[in-house]
Student: 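Submitted below is the structure of interest, expressed as structure tokens.
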Protein chains: 2
Amino acid sequence: MSKPDRFDSVTADDVAIAAGVSRWTVNRAFKKDASISAKSREKVMSAAQALGYIPDLSASALASTRSNLVALLVDDFANPHKLVMMDCLTRALRGRGLDTLLVNTLDREDTTPALINASQRRVDATILIGIQFDDDVLAAAHRAHRFKKLIIFARTSRNPDTISIAVDDEIATKEIAHYVIAKGYRRPLYVAGPNTASAHLLRKETFALVWQDRFGHVPETVSVPRYDPILSAEIAFRTLHGRKGADLPDVIVCENDALALGAIDTIRYRLGLRVPQDIAVVGFDDVPQAASPHYQLTTYRQPLAEMAGYLVDVLESADSRNLDRKFTGELVIRHSA
Amino acid sequence: MSKPDRFDSVTADDVAIAAGVSRWTVNRAFKKDASISAKSREKVMSAAQALGYIPDLSASALASTRSNLVALLVDDFANPHKLVMMDCLTRALRGRGLDTLLVNTLDREDTTPALINASQRRVDATILIGIQFDDDVLAAAHRAHRFKKLIIFARTSRNPDTISIAVDDEIATKEIAHYVIAKGYRRPLYVAGPNTASAHLLRKETFALVWQDRFGHVPETVSVPRYDPILSAEIAFRTLHGRKGADLPDVIVCENDALALGAIDTIRYRLGLRVPQDIAVVGFDDVPQAASPHYQLTTYRQPLAEMAGYLVDVLESADSRNLDRKFTGELVIRHSA
DNA sequence: TTGTATGCGTTATCAC
DNA sequence: GTGATAACGCATACAA
């Protein structure tokens with residue numbers, strides 16, 4: 001009945017003694033591809049079980065080059081899609097034995113401290129799923145040589161030092177644009193998100209290009225400085241307030257669902273108009289709310305699970321060829337457009 | 001121009017040499033209450049700056065009893081309130097120099113592995129903001145002596161080994177019940193969340209008690225196995241489908257907003273009734289959506305920021321008296337009830 | 001105020 | 001297949 005008397009006192013040495021082997025054999029027993037006999041592993045594992053031993057990952061991180069820890073930097077908690085992404089990513093990472101360090105990047109000035117913070121924990125990779133990561137920040141981060149892998153998830157980046165895993169915004173936006181045109185809408189308003197210098201989306205540009213090609217002019221566009229339904233509702237109101245008839249858009253195409261949900265609220269409750277009869281709305285992401293009978297939002301769904309799967313593959317791959325990858329999602333047609 | 005040639009190669013020793021002091025003086029310069037001369041600190045800091053030195057927290061965690069890392073266990077990503085809580089908690093923790101390890105507890109069986117996972121990283125505390133933490137799990141966790149602090153956040157627990165930081169559900173629910181009664185509602189339906197053996201909410205029980213006291217019978221109650229608006233909508237439909245007039249409730253009181261949002265969708269779009277004229281709805285949490293003009297949800301707002309502030313205080317306090325604490329929030333009256 | 005040994009628990013590398 | 005040596009980078013305790 002020898003019970004550990006201190007916090008977490010049971011170490012690999014204790015197990016080694018109990019199992020009658022060396023500390024290094026204990027170590028081998030806990031890694032899957034080690035050269036160890038089945039008998040030794042058996043002895044070690046039962047001794048470990050009895051003592052309640054579990055390897056210490058802090059020590060492991062210190063002694064090896066891997067920490068099995070990944071930093072996840074998020075900066076816009078107002079966007080409901082972030083919850084979906086976090087669920088998906090943590091699930092995929094945990095499936096591969098990777099832990100997640102969640103860093104709330106409070107504002108743009110906090111980005112560099114947040115990156116440093118991550119590097120202090122020796123993370124194997126840093127995943128960015130926010131918006132405030134412009135070229136300056138990324139360059140500074142990489143100059144410090146602190147990140148084995150810097151991954152921009154669900155957002156395109158042309159920065160050569162980062163790995164971008166995202167949906168192909170051009171294909172997606174073209175599909176949206178063609179759908180909108182086919183449905184007969186002719187007076188679009190494009191609602192874009194915050195303007196970021198880098199790691200941005202090609203959605204606004206692509207939509208404008210398609211429209212220009214087809215009709216010879218660019219669509220009206222507004223920008224919302226945060227992916228926040230409430231703020232989006234406010235900006236939509238400021239933009240459309242007082243306009244009537246053909247002066248109003250007949251469709252609002254939004255950079256993502258967070259913006260679209262706000263737009264719908266404004267159309268219905270502040271302008272007193274109908275969706276889609278008076279103004280149709282298109283989103284992007286397919287957040288859970290988009291499917292609610294109230295919104296019935298037509299939107300573009302990213303293959304998040306597949307993207308997360310590729311992400312963990314990238315984390316395991318050693319080579320650093322160009323690992324950028326674009327995915328294709330699907331347009332989910334509901335009632336809003 | 002001596003630049004580190006390897007990953008993260010710059011260590012306290014390098015800084016010590018550059019600054020002409022010992023390694024231990026470098027160490028002191030980086031902790032705020034150390035006994036060190038201003039001149040030494042100055043020298044160290046500028047040398048550190050020049051070399052790009054930052055302390056390694058893995059090594060620090062290994063050598064000391066603190067890791068400055070806190071595990072956050074979450075298991076219901078369908079509940080939009082979780083996003084608010086994560087934002088609030090990570091913000092508060094980071095303000096105190098604490099990092100967050102986000103652990104997605106996939107299902108009930110995964111809870112113990114998740115707890116072990118956290119302990120492997122030597123976390124200073126484990127915060128539970130999910131639902132699947134019953135007594136068995138908590139007891140097992142504590143028996144292992146692996147957690148300095150086990151905190152149940154936004155949920156009451158009577159387990160003596162845990163610290164519970166939550167809103168006072170009895171006060172809150174009584175306020176809700178009295179409001180509902182004062183507004184003249186007499187046929188309530190209570191929509192509760194998943195039944196957890198421990199760490200549960202006293203909301204359902206309290207509401208039933210108040211109602212019993214006042215009217216001599218307990219209100220009709222249904223349980224939704226997940227805090228998910230979509231599932232809640234479905235269960236509300238199954239419960240109310242086909243009922244008419246006085247056979248329908250005149251108010252639906254929900255354990256939280258996730259359930260309330262779903263209930264509203266069903267009332268309006270599947271039953272074709274009005275909120276609040278035909279059926280009123282009350283929620284709990286005041287998620288961002290609750291304020292949208294579509295829902296206009298009457299709900300109870302928890303003082304999350306204050307609660308998070310107390311949480312970080314608890315983390316810093318060394319004594320282990322009973323640190324449980326209950327907070328009082330406020331009823332936010334909107335249009336839904 | 002500052003410098004010195006020693007240990008934290010594990011892993012890389014080499015020897016057997 | 002297994003055991004041994006030397007780090008990993010920092011903190012504690014104590015000596016100067």
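Naming convention: chains lettered A, B, ... in sequence-line order (proteins, then strands); numbering from 1 in each chain. Quick note: numbers below take in every heavy atom, side chains included, and nothing from hydrogens, waters or symmetry partners.
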Student: Which nucleotide in the set dG9(C), dC8(D), dG3(D) lies at the smallest distance from any side-chain heavy atom of Arg122(A)?
Tutor: dC8(D)
Student: On DNA chain C, does the nearest nucleotide to Arg23(B) precede the nearest nucleotide to Pro55(A) from the 5' side, or the other way round? Give the residue.
Tutor: Arg23(B)
Student: Minimum heavy-atom separation for Arg41(B) to Arg28(B), with atom names?
Tutor: NH2-O, 3.4 Å
Student: Heavy atoms only, 4.0 Å cut-off, all strands: where does Ser22(A) land among base, sugar-phosphate and nothing?
Tutor: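 Ser22(A): base contact, heavy atoms under 4.0 Å.
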Student: Among Val70(B), Asn68(B), Val312(B), find the one that has a side-chain contact (heavy atoms from CB on, under 4.5 Å) with Arg96(B).
Tutor: Val312(B)
Student: From the options Val314(B), Thr162(B), Thr126(B), Leu128(B), select the one residue that forms a side-chain contact (heavy atoms from CB on, under 4.5 Å) with Ile151(B).
Tutor: Val314(B)
Student: Starting at atom CZ of Arg121(A), determine the distance to atom C1' of dC10(D), rounded to an integer number of angstrom.
Tutor: 13 Å
Student: Could you tell me whether the side chain of Asp110(A) and the main chain of Thr105(A) form a donor-acceptor pair under 3.5 Å?
Tutor: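 Judged by distance alone, no pair lies under 3.5 Å.
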Student: Can you name the residues that form a salt bridge (Lys or Arg N to Asp or Glu O under 4.0 Å) with Asp76(B), not counting sequence neighbours?
Tutor: Lys82(B)
Student: When all nucleic acid strands are considered with a 4.0 Å heavy-atom cut-off, which category describes Ser40(A): base, sugar-phosphate, or nothing?
Tutor: sugar-phosphate
Student: Across the strands shown, which category fits Leu62(B) at heavy-atom distances under 4.0 angstrom: base, sugar-phosphate, nothing?
Tutor: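 Counting heavy atoms under 4.0 Å across all strands, the contact made by Leu62(B) includes a base.
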Student: If you restrict it to nitrogen or oxygen atoms, what contacts under 3.5 Å exist between nucleotides 12-16 of chain C and the protein, and what is each distance?
Tutor:
residue: dA12(C); atom: N6; partner: Trp24(A); partner atom: NE1; Å: 2.8

Student: What integer distance in Å separates Asp56(A):CG from dG7(C):C1'?
Tutor: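 From Asp56(A) CG to dG7(C) C1': 14 Å.
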Student: Of Ala59(B) and Thr25(B), whose nearest nucleotide on DNA chain C comes first from the 5' end?
Tutor: Thr25(B)
Student: To check you understand the geometry: which heavy-atom pair defines the closest contact between Leu323(A) and Tyr310(A), and what is its length?
Tutor: O-OH, 2.6 Å
